[in-house]
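Structure, as structure tokens:
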Amino acid sequence: MTDVSVPQTTRADWTSDQEPRWCPGCGDYSVLSAMQLLMPTLGVRRENTVFISGIGCAARFPYYMNTYGMHGIHGRAPALATGLAVSRPDLDVWVIGGDGDMLSIGGNHLLHALRRNVKLKILLFNNQIYGLTKGQLSPTSEVGKVTKSTPMGSVDEPFNPVSVALGAEATFVARTHDMDRGHMQEMFRRAWEHDGAAFVEIYQNCNVFNDGAFAAITKKDKRKSMLIDLEHGMPIRFGDNNERGVMMGADGQLRIVDVDDVGVGNIIVHDERADTPTLAFALSRLAAGPFLPTPVGVYRAVESPEYAEQVSRQIAFSQEISGPGDLDALLRSRTLWEVS
Amino acid sequence: MTDVSVPQTTRADWTSDQEPRWCPGCGDYSVLSAMQLLMPTLGVRRENTVFISGIGCAARFPYYMNTYGMHGIHGRAPALATGLAVSRPDLDVWVIGGDGDMLSIGGNHLLHALRRNVKLKILLFNNQIYGLTKGQLSPTSEVGKVTKSTPMGSVDEPFNPVSVALGAEATFVARTHDMDRGHMQEMFRRAWEHDGAAFVEIYQNCNVFNDGAFAAITKKDKRKSMLIDLEHGMPIRFGDNNERGVMMGADGQLRIVDVDDVGVGNIIVHDERADTPTLAFALSRLAAGPFLPTPVGVYRAVESPEYAEQVSRQIAFSQEISGPGDLDALLRSRTLWEVS
Amino acid sequence: MTDTAIRTSRPDVQELDRLVVRFAGDSGDGMQLTGDRFSNASAVMGNDLATMPDFPAEIRAPAGTLHGVSAFQVQVSSEDISTPGDAPNVLVAMNPAALRSELHRLEVGGTIIINSDSFNERNLDKAGYEANPLEDGTLDRYTAYRVPMTSLTKEVCKDLGVKPRDAERSKNFFALGVVSWMFGRPTAPTLEWINVKFGRRPKVVAANTAAFNAGHAFGETTEMFHSTYRVPAAKLPPGTYTSVNGNTALAWGLLAASQQAKLPLFLASYPITPASDILHELSGRKNFGVRTFQAEDEIAAVCSAVGASFGGHIGVTTTSGPGVALKSEAIGLALSLEVPLVVIDIQRGGPSTGLPTKTEASDLNLALYGRHGEAPLPVVASYSPTQCFFAAIEAVRIALKYRTPVVLLSDGYLGNGSEPWRIPRSEDLPDISVEFATAESLLNGSGDSSVRPYRRDPETLARPWIVPGTPGLMHRIGGLEKEDGTGNISYDPDNHELMTRLRAEKVERVAKDIPPTMLDSDGLADLLMLTWGSTWGAVTSAVKRVRAAGGKVDHAHLTHLNPLPIDLEPILRSYAKVYLPEMNMGQLAMLLRGRFLIDVHSVSKVQGVPFTAGEIADLINGALND
Amino acid sequence: MTDTAIRTSRPDVQELDRLVVRFAGDSGDGMQLTGDRFSNASAVMGNDLATMPDFPAEIRAPAGTLHGVSAFQVQVSSEDISTPGDAPNVLVAMNPAALRSELHRLEVGGTIIINSDSFNERNLDKAGYEANPLEDGTLDRYTAYRVPMTSLTKEVCKDLGVKPRDAERSKNFFALGVVSWMFGRPTAPTLEWINVKFGRRPKVVAANTAAFNAGHAFGETTEMFHSTYRVPAAKLPPGTYTSVNGNTALAWGLLAASQQAKLPLFLASYPITPASDILHELSGRKNFGVRTFQAEDEIAAVCSAVGASFGGHIGVTTTSGPGVALKSEAIGLALSLEVPLVVIDIQRGGPSTGLPTKTEASDLNLALYGRHGEAPLPVVASYSPTQCFFAAIEAVRIALKYRTPVVLLSDGYLGNGSEPWRIPRSEDLPDISVEFATAESLLNGSGDSSVRPYRRDPETLARPWIVPGTPGLMHRIGGLEKEDGTGNISYDPDNHELMTRLRAEKVERVAKDIPPTMLDSDGLADLLMLTWGSTWGAVTSAVKRVRAAGGKVDHAHLTHLNPLPIDLEPILRSYAKVYLPEMNMGQLAMLLRGRFLIDVHSVSKVQGVPFTAGEIADLINGALND
Ligand SMILES: Cc1ncc(C[n+]2csc(CCOP(=O)(O)OP(=O)(O)O)c2C)c(N)n1
Ligand SMILES: Cc1ncc(C[n+]2csc(CCOP(=O)(O)OP(=O)(O)O)c2C)c(N)n1
Ligand code: SF4
Ligand code: SF4
Ligand SMILES: [Mg+2]
Ligand SMILES: [Mg+2]
């Protein structure tokens with residue numbers, strides 16, 4: 001995919017002239033830098049790159065990238081982007097949205113984009129809150145959460161975005177967080193490389209309305225013990241000294257174990273390319289929220305026919321059999337008669 | 001839940017005066033009979049029972065039940081029903097819809113009703129086609145399907161409704177089919193007993209636009225070898241002589257095996273009450289479509305706080321602490337001053 | 001009931017100017033197909049014609065029931081006509097339910113051709129007849145022919161090795177044979193069509209052919225019929241003709257627009273009656289480069305069309321009323337982004353799910369006003385089945401040129417109705433191509449190097465269409481208010497007022513670029529009949545009728561509802577009375593009254609069926625005698 | 001620039017009729033709170049007042065930037081007033097950006113109170129000032145006071161053990177202290193409020209108290225100020241007063257409606273600016289039995305409200321324009337089901353995402369016409385913050401009594417603006433309760449035992465409200481067209497026409513049941529100013545002003561937009577000129593023109609800000625001199 005004729009660029013080339021309007025300290029800034037710094041390394045052209053978003057704090061992202069961009073309407077970014085990606089398979093289309101944007105009002109479009117495997121790089125900025133509308137419950141907010149709209153605490157069970165994506169036949173699913181630029185960039189790069197719908201959940205801190213939501217696992221000193229780095233083909237281990245691991249029980253449930261107790265051989269080996277998303281799903285269930293050891297990295301990355309490509313192929317095939325469309329012939333393709 | 005004071009009823013009591021308007025031979029008729037015959041056995045009152053549907057062939061169901069009913073708009077039945085169930089927890093609310101109704105346009109409402117665990121009995125009539133609009137692709141239609149809107153074959157990967165529901169935190173998930181009245185009734189009864197959102201996928205034959213979609217597994221002579229009956233606490237076995245079984249590999253993937261090859265002890269025991277839906281999800285992935293051995297029965301049934309009940313509880317609690325709402329006091333609850 | 005005694009001489013041949021036949025039977029009886037074939041044979045004979053299918057909402061209602069009746073009406077004429085006719089002259093009734101539900105439409109003294117085999121107790125019961133209408137005097141005011149179609153068809157198929165149950169399915173071809181003979185329709189086109197259509201199933205070809213021939217022969221030989229009829233060829237303009245319904249014509253119009261704009265078409269739709277057929281038709285035309293996308297819902301459909309337009313395709317979405325309602329928010333986005341978009345509404349009976357298979361013209365208000373904020377957009381309406389072709393091109397033309405969403409209104413009656421069409425040549429179609437902006441075209445002359453995605457064309461006020469992939473023109477746009485020129489987010493009060501007025505003015509400027517009001521005037525009338533949409537047909541017929549009887553009445557028709565043609569106001573002011581019949585409660589009337597303060601008189605019909613020419617003629621006569 | 005030389009004598013005390021103060025600072029500077037406190041203290045003094053918050057769309061824009069400026073305007077008066085005033089007399093500017101973005105609003109000769117500490121190079125830069133406006137003559141036409149608020153606040157907090165960074169946050173209380181002294185506002189309410197509000201954080205209480213007192217003392221002692229001012233108490237009707245904004249009043253109105261209907265409230269909403277606060281307010285009032293449901297989107301919100309109404313609750317949904325657009329289809333369902341539903345639209349600038357934090361009145365068309373098919377429903381609009389309370393009760397009343405969706409229009413200006421409110425007593429509120437049908441009430445007298453869910457009340461045409469759980473009345477309803485009476489699905493043409501007309505007539509009958517047009521007439525004017533919604537305020541003020549100067553002008557105001565009050569037409573006809581200012585492009589004007597063929601003159605302002613009384617007064621004077 002990397003095109004050698006692409007001129008070298010720097011972060012500045014990817015930075016638009018609009019000043020970001022997020023709150024000082026917002027995690028969105030880190031994601032933006034990660035992206036602006038990643039772009040020059042991908043060897044892509046700015047004019048062939050498009051960011052499409054819905055509405056929300058996160059959804060302002062496109063304004064700050066010096067690429068093509070559309071700030072759409074709330075929840076509809078995956079649908080807007082699907083139209084663009086299917087009609088213009090030559091473009092790199094990134095989709096940006098918050099947890100409200102893409103899991104509440106826009107949940108259905110996300111699901112359908114995933115199942116169709118449209119070539120979109122979908123970044124879900126999950127801050128477990130509605131930022132732009134100033135602090136209501138989101139579909140990823142934890143039970144009991146006190147927000148403006150739930151002063152007595154939420155009674156809604158939250159979604160686990162990775163589980164949702166896997167339940168919807170996603171071919172690429174990853175999770176990262178805004179405290180680790182390198183990891184984010186690695187996930188974005190993998191998403192970009194994927195030929196199909198790539199879904200990346202980003203744990204993103206909203207320091208105004210939900211500060212520290214992920215601190216229990218993303219703080220520097222917690223990462224080793226609380227983040228389970230998934231690496232393809234490697235036993236799933238974590239802990240300050242890699243002393244803990246994940247094992248599949250014969251009852252079909254994953255367990256976190258001490259490696260020494262069970263032996264390395266019994267630690268499950270991560271297979272992001274497994275045909276069925278069973279293991280990936282099981283991993284997504286390890287932690288019900290960002291306060292227990294939580295897998296990050298690529299859960300699933302399988303090859304599957306890409307949507308836009310197949311649409312194009314049907315067109316090509318149809319032109320091959322029937323010849324390119326001939327309007328005059330079409331208008332004459334039914335019973336005809338002459339009046340003279 | 002069964003109320004002994006409820007007068008005895010018969011199927012006729014549950015049958016409305018409207019003549020069903022489905023095509024002769026449609027699977028919807030079997031579901032209707034199953035329901036009308038089941039109702040008298042539940043010991044519930046007709047006036048406390050409500051069927052709410054969207055639009056589609058299946059969605060005409062409420063007209064034929066002599067209960068309260070609402071034929072809503074396309075895709076919105078779960079949302080309409082949520083409003084009713086949350087405001088009227090005294091009612092039994094059933095939700096009816098087709099695969100287009102509840103997984104295409106209405107997918108998001110279904111997901112959110114499931115995650116919230118609203119006490120709804122949701123029946124998805126999956127015929128893998130759009131019936132009412134005369135034969136377009138549905139989100140459960142298989143890849144390659146030729147329909148009115150996909151004359152060259154579909155390029156959309158279908159949803160697996162059970163996977164979708166499990167990915168959305170559903171607390172009760174089951175699958176049944178229109179060829180087995182007893183099984184349907186058992187699933188409906190279990191759904192009715194569940195205190196929360198109960199999701200039942202019904203494989204339903206549309207003999208006009210998608211005839212025989214499930215024949216490979218639901219025909220009488222195929223059932224033993226192609227349907228995997230899930231029973232809680234029992235090893236998952238099937239086959240004409242129960243000779244096959246399901247085993248969990250250490251790689252986190254389920255496999256179908258010959259029981260004799262691995263020994264009964266290695267066959268996985270079904271646990272519908274498992275805390276995490278990992279095994280249930282794995283089971284949902286066994287067959288990618290209704291042509292390989294496919295589990296039917298209850299995939300998952302766990303207890304979890306029901307939504308409407310919690311909403312009511314917050315109201316009661318708030319009245320307990322603050323006293324019942326006093327409008328005059330409320331109007332005077334801010335800075336006051338007198339003008340005389 | 002006229003006794004259908006066996007006659008002993010050749011029947012007379014009566015010549016008719018026009019003939020209205022209504023085929024009615026069970027949903028499974030193939031009436032749509034029968035009607036369609038009859039129409040086709042008539043077209044081939046050179047008649048003008050107009051058709052109106054009328055089928056139930058159910059897929060297949062239980063056989064024999066009233067709500068399962070499916071009907072098809074066609075008017076064939078030796079003159080230029082514009083409606084499928086008012087009261088039918090002939091009714092073909094395949095079963096008791098069909099007779100019961102359709103008889104009231106038949107003109108007094110009209111002809112009924114009945115499949116007498118179906119009048120058994122069970123079917124009479126299902127249709128709710130207490131007594132057999134063939135025997136109790138029900139048909140006294142008509143000429144009724146009882147033909148045992150089922151048994152005769154089975155009989156003739158016996159030797160072909162066709163099973164009786166299968167043979168029975170061919171009885172509609174028997175009926176078609178009878179009617180074809182009776183009205184002197186040529187048999188060749190039908191026989192040929194049977195061959196092509198069922199070619200892969202030889203038994204079916206054989207059965208249908210045999211049934212059709214037997215029906216024809218039955219008419220010829222049984223001497224049951226008193227008279228046969230001829231409708232001479234119409235004097236239509238010379239050319240090559242075909243027959244299409246409105247939805248097909250519309251789909252083809254979109255393909256034509258794509259060709260004439262030199263841009264690929266992207267059609268994103270969610271199925272809905274009566275619009276789905278456009279999606280079906282275009283899905284089968286992939287060799288035209290059209291991408292069809294069955295979206296997960298209407299919102300996704302319109303949004304993906306917007307995405308495609310952003311990418312430089314012609315983004316189109318087809319739907320009916322409930323879908324337009326759902327698309328409101330996203331249409332507003334397209335309007336704010338100022339990208340082309342065509343939203344096609346095949347209107348049906350509302351509100352809510354309403355009458356999905358019936359026609360209505362009650363979405364005009366929704367098209368004009370159904371968005372939050374000040375959100376004006378052009379609205380175009382087609383008025384006849386074949387004119388849907390041109391209306392589609394026109395809607396695309398405006399959308400592309402002005403970078404705006406356009407709503408194109410058709411309706412169920414136009415969508416399903418068909419008429420002969422003198423096929424246009426694509427070289428005669430307008431060039432509607434537009435330019436994408438390039439770095440040179442956009443930046444040159446602007447004196448500054450920053451991309452100004454809202455720098456407007458001074459004439460049309462359209463902004464440049466800058467498609468991703470264009471080097472040097474990267475920019476970001478969105479639904480927040482934008483500064484004119486730069487497109488940057490702006491909360492400035494004066495800019496908002498400016499942009500609001502610019503968006504409105506841009507739409508108004510379309511008025512300079514559309515044809516004048518279609519006016520049919522003889523210069524002497526005080527009464528103007530004004531129409532939009534499919535009501536054109538009934539009013540055209542009625543005006544002819546009234547004029548033929550010496551009445552003075554003019555007819556003006558609007559193909560563009562927003563903006564209105566510039567000449568409309570003077571036209572309206574030049575009449576003492578303006579009557580405006582609409583299949584709604586007076587939506588356009590309200591608009592015109594508000595705009596021009598002219599006392600436009602609204603005439604409403606909200607019954608799921610179009611106005612008939614007779615109703616309109618009565619209305620005109622009433623107004624003239626007022 | 002007037003030199004702010006130190007004066008040597010006590011300042012004069014000038015008496016003012018009215019005073020308009022505008023507080024402006026960074027988003028983080030607490031200007032909304034400061035303004036609110038100033039207003040409250042004024043209210044307690046007996047002034048009439050009206051406020052208008054004006055904050056940016058960003059949550060927290062980078063400090064010091066122009067787009068991060070947050071402002072709050074309040075008019076306090078010794079008379080009954082209806083707007084937050086036109087040009088402010090006093091501007092409090094906490095930083096250069098605030099000065100730059102707000103100065104143009106100030107009346108010439110007005111007073112500016114500046115936090116001089118913030119005028120450093122960095123901030124000047126961020127605000128885009130090339131030179132320091134405090135020094136370059138920018139302020140020459142005003143009376144400017146430079147107060148080093150930040151440093152003085154830090155200073156006074158030092159001894160309290162408050163860290164300088166935290167202390168800095170209290171500088172708005174310093175500003176409030178200065179202004180309170182300058183305008184003779186009482187200090188007790190503010191000090192008390194600080195105690196209650198921050199009670200759990202003693203350091204914050206201490207810092208804010210110290211800052212406030214220091215500011216007050218600064219005014220008193222530094223002798224910097226030439227004059228202080230007094231606005232005497234207004235002659236308001238006697239009673240107990242409080243101050244609320246429109247959204248709070250609306251939420252309380254819903255609670256009142258629930259109490260007066262003796263039915264529980266079900267509020268289902270999806271957050272959106274500027275409507276979210278209603279959801280927030282009601283979420284905290286669960287002891288009133290209200291169920292609040294934050295739905296997954298607007299469609300789910302309205303649908304769940306419909307479901308709740310079906311179940312016998314008062315189903316309400318609150319939103320703004322984009323949400324109403326999304327709810328269109330489901331509102332049509334409620335209309336077809338004929339169940340109560342209240343849809344509340346706090347309008348904001350459109351189209352599309354538009355200007356989310358700015359006000360507009362451009363959703364009237366959407367409310368009236370934004371559904372497919374013929375789908376009329378009642379529309380009610382509130383006109384002042386506190387009147388939102390009564391408008392909510394009225395909307396619920398109509399919805400319950402006529403079993404219909406009702407749209408209640410408010411706007412961002414009303415929603416966020418506040419004014420004093422003489423608190424009504426709940427015993428004075430109307431009883432709006434209705435009956436559910438029971439087997440006895442519905443079946444008795446009907447002579448047949450079948451449930452007829454569409455048997456209408458002959459007076460209101462409302463159908464019975466039969467809630468699930470009622471024995472003997474099981475029935476099914478839906479969005480397909482229904483037979484009148486039975487409610488069974490019906491495709492009958494005449495029934496469809498009948499139902500269409502019945503639904504329209506039912507809405508029309510509401511006209512008999514609403515108050516007459518609000519008319520303020522002295523019987524001599526030729527010019528009528530007509531208003532709806534929040535424009536009422538500016539026109540009321542302007543009419544007073546013009547009359548005070550001897551001009552003859554009347555004012556009519558509409559609280560009900562559909563149906564219109566019966567007396568409206570004769571009123572309109574009795575004036576030579578009718579002017580209708582709207583915060584849109586003339587939506588109501590178009591309706592009235594179409595309905596009555598009266599040349600209602602539309603006056604538009606689409607700038608995201610309300611009309612000022614001055615603009616309207618100019619308009620009136622222009623019209624009078626025309
Ligand atoms: C149709 C519509 N409904 C509601 C809104 C209001 N709204 C804007 S953003 C948003 C949610 C923001 O939350 P999220 O998507 O999580 O993004 P964040 O701000 O947290 O990044 C809402 C409800 C809108 N703009 N449009
Ligand atoms: C808003 C809206 N869009 C589209 C339709 C048209 N429509 C009615 S039912 C249906 C889908 C039917 O398929 P499914 O839900 O699978 O039900 P089935 O008929 O197969 O039982 C569609 C697209 C509609 N009624 N409303
Ligand atoms: S509100 Fe939260 S998510 Fe939004 S910009 Fe501020 S910190 Fe970021
Ligand atoms: S179309 Fe299919 S699903 Fe619908 S009624 Fe007929 S057989 Fe059943
Ligand atoms: Mg968020
Ligand atoms: Mg289906």
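Just so we're on the same page: letters track the sequence lines, and every chain starts at 1.
- In summary, of the residues considered (A:Asp326, A:Asp328, A:Leu331), a side-chain contact (heavy atoms from CB on, under 4.5 Å) with C:Ser426 occurs for A:Asp328 alone.
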Residues A:His71, C:Arg476; criterion side chain to side chain contact (heavy atoms under 4.5 Å, CB included); working and verdict = CA-CA 7 Å; A:His71 184 218; C:Arg476 281 67 49 194; over 6 Å; no
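- Around the CD atom of C:Glu427, the shell of radius 6.0 Å holds more than 12 heavy atoms that belong to other residues, nucleotides or ligands.
- Proximity to chain C (any heavy atom under 4.5 Å) is shown, for A:Arg332, by both the backbone and the side chain.
- Annotation: side chain of A:Tyr63 is not in contact with side chain of C:Asn488 (no heavy-atom distance under 4.5 Å).
- Considering only heavy atoms from C-beta on, A:Arg88 comes within 4.5 Å of C:His313 through its side chain.
- Contact annotation for A:Glu320: neither backbone nor side-chain heavy atoms come within less than 4.5 Å of a heavy atom of chain C.
- Looking at C:Arg291 and A:Ser312, their side chains do bring a donor and an acceptor atom within 3.5 Å of each other.
- Residue C:Arg425 places its CZ atom among 12 or fewer non-hydrogen atoms of other residues, nucleotides or ligands, all under 6.0 Å distant.
- The contact between A:Tyr307 and chain C is made entirely by side chain atoms (from C-beta outward), counting heavy-atom distances below 4.5 Å.
- Taking both residues in full, the closest heavy atoms of C:Phe293 and A:Thr82 are given as CZ-CG2, 3.7 Å, listed atom of the first, atom of the second, then distance.
- Of the residues considered (C:Gly289, C:Ser309, C:Gly239, C:Ala233), C:Gly239 shows the highest number of contacts with chain A, using heavy-atom pairs under 4.5 Å.
- Between C:Asn287 and A:Ser318, the closest heavy-atom pair is N-OG, 2.7 Å.
- The most heavy-atom pairs under 4.5 Å with chain A, out of C:Thr292, C:Val196, C:Leu255, C:Thr248, come from C:Thr248.
- Between C:Cys303 and A:Arg76, the shortest heavy-atom contact is SG-CB, 3.5 Å.
- Nearest approach of A:Trp337 to C:Gly46, heavy atoms of both residues: NE1-CA, 4.4 Å.
- Interface remark: of the candidates C:Phe266, C:Trp252, C:Trp193, C:Trp252 forms the most heavy-atom pairs closer than 4.5 Å to chain A.
- Considering all non-hydrogen atoms of both residues, C:Thr242 and A:Leu336 come closest at CB-CD2, 3.7 Å.
- Counting heavy atoms from C-beta outward, A:Glu338 and C:Tyr241 have side chains that stay 4.5 Å or more apart.
- Using a 4.5 Å cut-off between heavy atoms, A:Arg21 touches chain C through its side chain atoms alone.
- C:Pro237 touches chain A through its backbone: at least one of N, CA, C or O sits under 4.5 Å from a heavy atom, while the side chain does not.
- Neither the backbone nor the side chain of C:Ala249 comes within contact range of chain A; no heavy atoms are under 4.5 Å apart.
- If you measure heavy-atom distances from A:Leu327 to chain C, the contacts under 4.5 Å come from both the backbone and the side chain.
- At a 4.5 Å heavy-atom cutoff, A:Thr49 makes no contact with chain C through either its backbone or its side chain.
- Minimum heavy-atom separation, A:Ile315 to C:Val290: CD1-O, 3.7 Å.
- Using a 4.5 Å cut-off between heavy atoms, A:Val86 contacts chain C through both its backbone and its side chain.
- Looking only at side-chain heavy atoms (C-beta outward), A:Arg60 and C:Leu480 come within less than 4.5 Å of each other.
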